[in-house]
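Here's the structure, in structure tokens; my notes come after.
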Amino acid sequence: MDSLAAPGHAATHAVTNQPPPLAPYDASDDPALLEGLRREGADWAEEGLRRLGLRAGSAEAQEWADQANRYEPVLRTHDRYGNRVDEVDFHPSWHHLMRTAVAEGLAGTPWAEDRTGAHVARTAGGLVWGHTDAGHGCPTSMTYAAIPALRKEPELAKVYEPLLTGREYEPELRVPTEKRGLLAGMGMTEKQGGSDVRTNTTTATPTAESGMYTLRGHKWFTSAPMCDVFLVLAQAPGGLSCFLVPRVLPDGSRNTFRIQRLKDKLGNRSNASSEPEFDGTVAWLVGPEGQGVKTIIEMVNCTRLDCVMMSATLMRRTLVEAGHHARHRSAFGARLIDQPLMRNVLADLALESEAATTLTLRLAGAADRAVRGDAGEQAFRRIATAVGKYWVTKRGPAFTAEALECLGGNGYVEDSGMPRHYREAPLLSIWEGSGNVNALDVLRALRRDPDTAQALFGELALAQGADARLDAAVARLKAQLATASEAAARRLVEHMALTLQASLLVRHAPPAVADAFCATRLGGDWGHAFGTLPDAADVAAILGRALPGAN
């Protein structure tokens, strides 16, 4: 009688026709990313970006991302003795991710760097490090965005800004000024209003000390509750105002920050989102009373840019995964990457990804130059960031679903990582204003500040005459603006986004990429799903650029 086969060597369990693990890989290996980095003034950061790309694509960092999402944050309201502590415990992998992100300058660091392209370098770093986990990008984004708002109160900025712009990650709750680095969160929305923050019911009562108030109310979505300080909106005697709320007070006592629960979310599960209750919570006024929305508007521009960046990152990450699978798996006698219809799908996704990445870096360049006082770039940033936030984040869910489908059933299981990316994608369209909010914000910008339209069309004019389809799209856009209505706001902003992306690709991308994008997104030679590029598209050139080794 034959002996039994040793465990793990059964003939029926031989694994064939499955791709090897993607990791390790270089997350910065993207021509659109590297070219945009140089073009927008941050070429000095390329060496560091490439180093970060190798780290992001390492097996270790990818394992951190998986574990941070599998072992979700846990709320601990009381200690063993019954004392209220309101702390959230994270898996060690979360802290590894956070420590790297902060050390690489992906939080508040650019505000302390007096060199051209600092904000571009940070955005490019997010496009690369985001190949790990999206959830920990929330506290780094809020920390980055908090600084321009905090500068409305110079005395507070003097104390906190040096710590918010540092590269040290210290997660323990302690007196802020006794730490080497801080993180900032935000508490804007409430259950009865959501994006309509003017309906907030949290109240702020002045104390005898100038600038100090006590808050009472309940916030609805406050992410990263273990941050050191929070910017919060509340109703002061003079109207809706912005306040700084530390978790730990200067005397070492815990500020009242009662976490009622953590949200059970669709995605973004590595990151804790909470409902804190304020009751006698000590806070300091940031900016004048009644100017809360005006104080945080610069913060919103920053976080909206990060929404665009994170969506572009998810696109690139899932495209790389889909391309890797297609190169190593065969069906019906040929590798998937060699089959014409799969090549069409991947090339179409590559066009969308490059357009998103290129626009993201252009917006980052505008932010960098706006900070330095460029009025034209300030106007362009004001409208283009909202346009990009609307469109790129809207494309994310459809894109990630199509990339997942490239893996077939293999993409539908958690081990592939694709379900996590798919669940993450809708968040970026909701966070910092859903589609309607952003579309209407574009209309308001056009009506209140004519310089924004001038800046947008000035940008589009840089590609004038290079492509007839683009010229025609610009003409249609001007006609649409003349009759723009709220009901048609989404249609208008979509056309703005596609025209802007096309103009950037016509100027900066290879002809094969620009031509296919203009033919499909502007010229109408396209279907209603990815993978419907016309026969005239140079699929080989597109894939050769986006997925080296695909041909």
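Below, each value reflects all heavy atoms present in this structure, side chains not excepted, and no hydrogens, waters or symmetry copies. All figures in this text were calculated on a predicted structure; none of them were measured in a lab.
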| said: I'd like to check the ring pair (Phe, Tyr, Trp, His ring centres under 6.0 Å) partners of His119; sequence neighbours left out, ordered by chain and number. | reply: Trp111, Tyr144
| message | Applying ring pair (Phe, Tyr, Trp, His ring centres under 6.0 Å) as the test, list every pair that has at least one member in residues 208-227; sequence neighbours left out. | response | Tyr213-Phe243
| task | Check the pair Arg490 / Tyr390 against side-chain contact (heavy atoms from CB on, under 4.5 Å), numbers first and verdict last. | result | CA-CA 8 Å; Arg490 284 190 175 216; Tyr390 171 82; 3.4 Å; yes
| field | Verdict with supporting geometry, Gln291 and Lys152, side-chain contact (heavy atoms from CB on, under 4.5 Å) | value | CA-CA 10 Å; Gln291 297 294 313; Lys152 302 292 184 181; over 6 Å; no
| query | Are the side chain of Glu424 and the backbone N or O of Asn268 linked by a donor-acceptor pair below 3.5 Å? | reply | yes
| said: So Met188 and Met299, do their side chains get closer than 4.5 Å, heavy atoms only? | reply: yes
| message | Quick check: do Ser311 and Phe399 have side-chain heavy atoms less than 4.5 Å from each other? | response | no
| field | Contacts of type side-chain contact (heavy atoms from CB on, under 4.5 Å), residue Arg382, not counting sequence neighbours | value | Asp441, Ala445, Thr452
| said: Treating Thr207 as the side-chain partner and Met212 as the backbone partner, does any N or O pair qualify as donor plus acceptor under 3.5 Å? | reply: yes
| message | Please give me the minimum heavy-atom distance between Glu289 and Gly238, naming the atom from each residue. | response | OE1-N, 2.6 Å
| said: Please check this pair: side chain of Gln62 against backbone of Ala56, looking for a donor-acceptor N/O pair closer than 3.5 Å. | reply: yes
| request: Just grab all the ring pair (Phe, Tyr, Trp, His ring centres under 6.0 Å) pairs involving residues 266-295, residues at least two apart or on different chains. | output: Phe257-Phe278
| Side-chain donor or acceptor of Lys265 paired with backbone N/O of Asn271 under 3.5 Å | yes
| field | Charged N-O contact under 4.0 Å between Glu46 and Arg50 | value | yes
| query | When you measure from the side chain of Arg317 to the backbone N and O of His131, does any donor-acceptor pair fall under 3.5 Å? | reply | yes
| Salt-bridged, Asp114 to Arg372, with N to O below 4.0 Å? | yes
| remark: Here the gap from Asp26 atom CG to Leu54 atom CG, rounded to the nearest 0.5 Å, amounts to 4.5 Å
| message | Quick one, Arg55 and Val128 - any side-chain contact, counting heavy atoms below 4.5 Å? | response | no
| Is there side-chain contact between Val232 and Lys219, with at least one heavy-atom pair below 4.5 Å? | yes
| query | Closest approach of Val88 and Ala272, non-hydrogen atoms and distance? | reply | CG1-CB, 3.9 Å
| field | No-hydrogen, no-angle side-chain donor-acceptor test under 3.5 Å, Ser273 and Ser223 | value | yes
| query | Val102 and Glu168: side-chain contact (heavy atoms from CB on, under 4.5 Å), yes or no, with the steps? | reply | CA-CA 6 Å; Val102 173; Glu168 297 286 341; 5.8 Å; no
| task | Run the salt-bridge test on Glu377 and Arg362 with the 4.0 Å N-O cut-off and return the result as yes or no. | result | yes
| Donor-acceptor contact present, side-chain Thr393 to main-chain Val308, <3.5 Å | no
| CA sep, side-chain torsions, deciding dist, call: Asp415, Arg70, salt bridge (Lys or Arg N to Asp or Glu O under 4.0 Å) | CA-CA 11 Å; Asp415 286 348; Arg70 288 183 184 273; 3.1 Å; yes
| said: How long is the straight-line distance from OG1 of Thr313 back to CE of Met309, given to the nearest 0.5 Å? | reply: 5.5 Å
| said: My understanding is that only residues two or more places apart in sequence, or in another chain, count here; which of them pass side-chain contact (heavy atoms from CB on, under 4.5 Å) with Leu359? | reply: Leu363, Val392, Leu500, Gln501, Leu504
| query | Is the closest basic N to carboxylate O distance between Arg381 and Glu298 below 4.0 Å? | reply | yes
| query | What's the verdict on side-chain hydrogen bond (donor to acceptor under 3.5 Å, both in side chains) for Asp251 and Ser253, showing C-alpha distance, side-chain angles and the deciding distance? | reply | CA-CA 6 Å; Asp251 64 3; Ser253 63; 2.6 Å; yes
| field | Worked check of salt bridge (Lys or Arg N to Asp or Glu O under 4.0 Å) between Arg420 and Glu72 | value | CA-CA 13 Å; Arg420 169 161 59 89; Glu72 298 176 20; over 6 Å; no
| field | Those residues that, when tested against Glu87, pass salt bridge (Lys or Arg N to Asp or Glu O under 4.0 Å) (two or more places apart) | value | Arg76, Arg254
| task | Determine whether Leu233 and Ser241 make a side-chain contact, defined as any pair of heavy atoms from C-beta on separated by less than 4.5 Å. | result | no
| Minimum side-chain heavy-atom gap Phe230-Arg247 below 4.5 Å | yes
| note | Between Ala145 and Cys302, the two heavy atoms sitting closest are CB-CB, 3.6 Å
| task | Check the pair Asp264, Arg269 against salt bridge (Lys or Arg N to Asp or Glu O under 4.0 Å), reporting the backbone distance first and the verdict last. | result | CA-CA 8 Å; Asp264 186 7; Arg269 302 187 75 88; 2.9 Å; yes
| said: Within the supplied structure, the quantity of interest is the number of heavy atoms (other residues, nucleotides, ligands) at a distance under 6.0 Å from Lys191 NZ; does it exceed 12? | reply: yes
| said: Is it the case that over 12 heavy atoms from other parts of the model lie below 6.0 angstrom from the CZ atom of Arg198? | reply: no
| Between atom CG of Asp368 and atom OG1 of Thr123, what is the distance when rounded to the nearest 0.5 Å? | 9.0 Å
| field | Expected output: side-chain Asp451 to main-chain Gly376 donor-acceptor under 3.5 Å | value | no
| request: Specify the closest pair of heavy atoms between Ser93 and Gln67, including all atoms of both residues, with the distance to one decimal. | output: OG-OE1, 2.6 Å
| said: Is it the case that the side chain of Asn255 and the backbone of Leu249 share a donor-acceptor pair, with hydrogens and angles ignored and the cut-off at 3.5 Å? | reply: no
| message | Can a side-chain donor-acceptor contact be found between Asn200 and Thr202 if the only test is distance below 3.5 angstrom? | response | no
| query | Would you find more than 12 non-hydrogen atoms of other residues, nucleotides or ligands less than 6.0 Å from Arg423 atom CZ? | reply | yes
| query | Between Arg122 and Asp306, is the closest basic N to carboxylate O distance under 4.0 Å? | reply | yes
| Minimum heavy-atom separation for Glu352 to Met315, with atom names? | O-SD, 4.1 Å
| message | Looking at every heavy atom in both Val175 and Gly252, which two are closest together, and how far apart are they? | response | CG2-CA, 3.6 Å
| query | Between Trp431 and Thr303, is there a donor-acceptor pair closer than 3.5 Å when you use the side chain of the first and the backbone of the second? | reply | no
| task | Check whether any side-chain heavy atom of Thr318 sits under 4.5 Å from a side-chain heavy atom of Leu404, and report yes or no. | result | no
| query | Are Glu178 and Val248 side-chain neighbours, meaning at least one heavy-atom pair lies under 4.5 Å? | reply | no
| Lys/Arg-Asp/Glu bridge criterion (N-O < 4.0 Å) met for Lys389, Glu432 | no
| request: May I ask you to say whether Arg180 pairs ionically with Asp228, meaning some side-chain N is under 4.0 Å from a carboxylate O? | output: no
| field | Donor-acceptor contact present, side-chain Thr281 to main-chain Thr214, <3.5 Å | value | no
| query | Yes or no on side-chain contact (heavy atoms from CB on, under 4.5 Å) for Lys179 and Leu163, after CA distance, side-chain angles and deciding distance? | reply | CA-CA 8 Å; Lys179 298 179 69 173; Leu163 298 170; 5.8 Å; no
